[in-house]
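All ligand and atom numbering here is 1-based and tracks the order in the structure. As the structure is a prediction and not an experimental result, all values here were calculated from the model.
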Amino acid sequence: MATASKTTSASSKSTSRTRGSAKKAQPAIAEFDKDEELHAYREMLLIRRFEEKAGQLYGMGLIGGFCHLYIGQEAVVVGMQMAKKDGDQMITGYRDHGHMLAMDLDPKGVMAELTGRRGGLSKGKGGSMHMFSKEKHFYGGHGIVGAQVSLGTGLGFANKYRENGNVAMAFFGDGASNQGQVYESFNMAELWKLPVVYVVENNKYGMGTSVARASATTDLSQRGASFNIPGKQVDGMDVRAVKAASEEALEWCREGKGPFILEMITYRYRGHSMSDPAKYRSKDEVQKMRTEHDPIEQVRARLMDKGWASEDDLKAIDKEVRARVAEAAEFAQTDPEPDASELYTDILL
Ligand SMILES: Cc1ncc(C[n+]2csc(CCOP(=O)(O)OP(=O)(O)O)c2C)c(N)n1
Ligand SMILES: [Mg+2]
C-alpha cells in the first residue's frame, strides 16, 4: 500500500491547511520512486483498459441500463489509493468502476455485474451503479447525485465512534457539489470532527453543463469555508500531486482534526454516460486534454525519461493488463444470468 514519498514542495503544510480561508495552496508534488511509478502506471492502465472494454460491451448491447466511464480521471482514484491505509473506506457515485478496481475488487466480478450475471459483485442485480464490498471497504456505487456524501459522513461517524483510526473518502462530482445534503454533511462532519476526506472530482461538467454555468462559485475546494473545513485544489491529472495531497488530508483526519476537502481538477474524455452526444464541449477541448494532460501518458513519459522502463517493458505491462480485462470480459459473457428466484432475495420488506 502506501509507501512514504518525498514531498518536494514545502507548501503542503502551510496555506492548504488554512481553515476556511480563501488562500490558495501551492501544489505539492510527491516524487515517485520506480516502484511507485510502475504501480501507478499499472493501476491506471487497468482502469483505462477495463473501461474501454466496458464501452465495447455496451456498444454490443451486452450491458443494459446506465454506464458511466471513468476514462481520463484515473489519477484521482489511484493517487488516493496509494495514500490510503488498509481499513480506510471509499464511497462514490455512479462513475464507480475505477474506484472498485483501485480498491482491489476483482475485475471479473465488476464486469459480470455490468452484464448482469450471477458472478457479479451484486449477483447481477445491481448493475454499473450499485456494487459494494464491505470486505474491501468499498461502500458503493450510488445513483442519487450527492447521496454518497451523507453516507460517507456516516462512515466517518462510525470510524470515530469505533475509534478504529480509519478515514472515509467520499467522492462526488462538481455537479453534486451543489446539492443541499453536501452542506448538511459538512456541518455535521466539522461539528463532530469526523474523519472524512471529501473528494470533489471536478471534471468540468455535470451531465452536460459546465461548472461555470452551474455554480455560483467555482473554487470548489473552498465550499467548506463557512464550516471551517480546510480545502485544497489539486492537479487531478497528476497522480503524484493527488497522492501528496491525499496523504496530507488523510493525516489531518487521522489526527482527529475533522474533515478535509480535496478538489481534484480532472477531465472525463467520454460522454457523461454512454448515451451522451457531448454537444456542450468541443472536440478540440477533449483532444487537448488527451494529448497534453493524460494521466497515464505523464507516468509513461517519466518512466521512459528516467530509464526505469523501456518501450518493451511498458508493452508487456499493457499485454498483461489487457489479458486480465479480456478474462473479465469473457467471464462476464459466459457466466449465467441470475436465476428467476433471485427476484425475491435481498429485498427489504
Ligand atoms: C438527485 C439527483 N438529481 C439528478 C440526477 C441526474 N443526474 C445524474 S448524473 C448528474 C450530473 C452530476 O454531475 P457531477 O456531479 O459533476 O458528476 P460527473 O457525472 O461529472 O462525474 C445528474 C444531474 C440524479 N441522478 N440524482
Ligand atoms: Mg462533473
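In summary, the atoms of ligand 1 found under 4.0 Å from a heavy atom of Y205, numbered by their order in the structure, are 16 (O), 20 (O). Shown in contact with G143 at under 4.0 Å from a heavy atom are these atoms of ligand 1, numbered in order with element: 24 (C), 25 (N). Set against the non-hydrogen atoms of G173, the atoms of ligand 1 under 4.0 Å away are 14 (P), 15 (O), 16 (O), 17 (O). The contact set between ligand 1 and N203, taken as ligand atoms under 4.0 Å from a residue heavy atom, comprises 18 (P), 20 (O), 21 (O).
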Evaluation steps, salt bridge (Lys or Arg N to Asp or Glu O under 4.0 Å), between E337 and R118: CA-CA 5 Å; E337 289 184 352; R118 250 177 234 190; over 6 Å; no

Residue pair K288, D284: steps toward the salt bridge (Lys or Arg N to Asp or Glu O under 4.0 Å) verdict: CA-CA 6 Å; K288 196 170 157 58; D284 285 353; over 6 Å; no

CA sep, side-chain torsions, deciding dist, call: V76, F171, side chain to side chain contact (heavy atoms under 4.5 Å, CB included): CA-CA 10 Å; V76 176; F171 292 75; 4.1 Å; yes

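Under the 4.5 Å side-chain heavy-atom criterion for Ile, Leu, Val, Met, Phe, Trp and Tyr, M80 and L151 are members of distinct hydrophobic clusters.
Under 2.8 Å from the Mg ion (ligand 2) lies an N/O/S atom of D174, whether from backbone or side chain. Distance check for N202 against the Mg ion (ligand 2): none of its N/O/S atoms falls below 2.8 Å.
Taking only non-hydrogen atoms, the option from V145, D96, T266 nearest to atom 26 (N) of ligand 1 is V145.
Contacts with ligand 1 closer than 4.0 Å are made by side-chain heavy atoms of Y94 only, the backbone lying farther away. The part of H272 lying near ligand 1 is the side chain, judged by heavy-atom distances below 4.0 Å. Contacts of D174 with ligand 1, taken as heavy-atom pairs under 4.0 Å, involve both backbone and side chain. The parts of M207 lying near ligand 1 are both backbone and side chain, judged by heavy-atom distances below 4.0 Å. With a 4.0 Å heavy-atom cut-off, ligand 1 is reached by the side chain of Q179 but not by its N, CA, C or O.
Heavy-atom neighbours of F66 CZ from other residues, nucleotides or ligands within 6.0 Å: at or below the threshold of 12.
Counting heavy atoms from C-beta on, the side chains of S122 and M131 come closer than 4.5 Å.
When only non-hydrogen protein atoms are considered, atom 13 (O) of ligand 1 lies nearest to G206 CA, 3.2 Å. For atom 14 (P) of ligand 1, the closest heavy atom belonging to the protein is G175 N, 3.4 Å. Looking at atom 21 (O) of ligand 1, its nearest protein heavy atom turns out to be R95 NE, 2.9 Å. Nearest protein heavy-atom neighbour of atom 15 (O) of ligand 1: A176 N, 2.8 Å.
For D346 and K125, the salt-bridge test passes: some basic side-chain N is under 4.0 Å from an acidic carboxylate O. Salt bridge R42/E320: present, at least one basic N to carboxylate O contact under 4.0 Å.
Using the six-membered ring where Trp is involved, Y94 and H272 have ring planes that are perpendicular, over 60° apart on the 30 and 60° scheme. By the 30° and 60° cut-offs, the orientation of the rings of W192 relative to F157 is tilted.
Judged by distance alone, with hydrogens and angles left aside, the side-chain atoms of E113 form a donor-acceptor pair with the main-chain N or O of G126 at under 3.5 Å.
Here the angle at the Mg ion (ligand 2) defined by OD1 in N203 and O in Y205 stands at 80°, rounded to 10 degrees.
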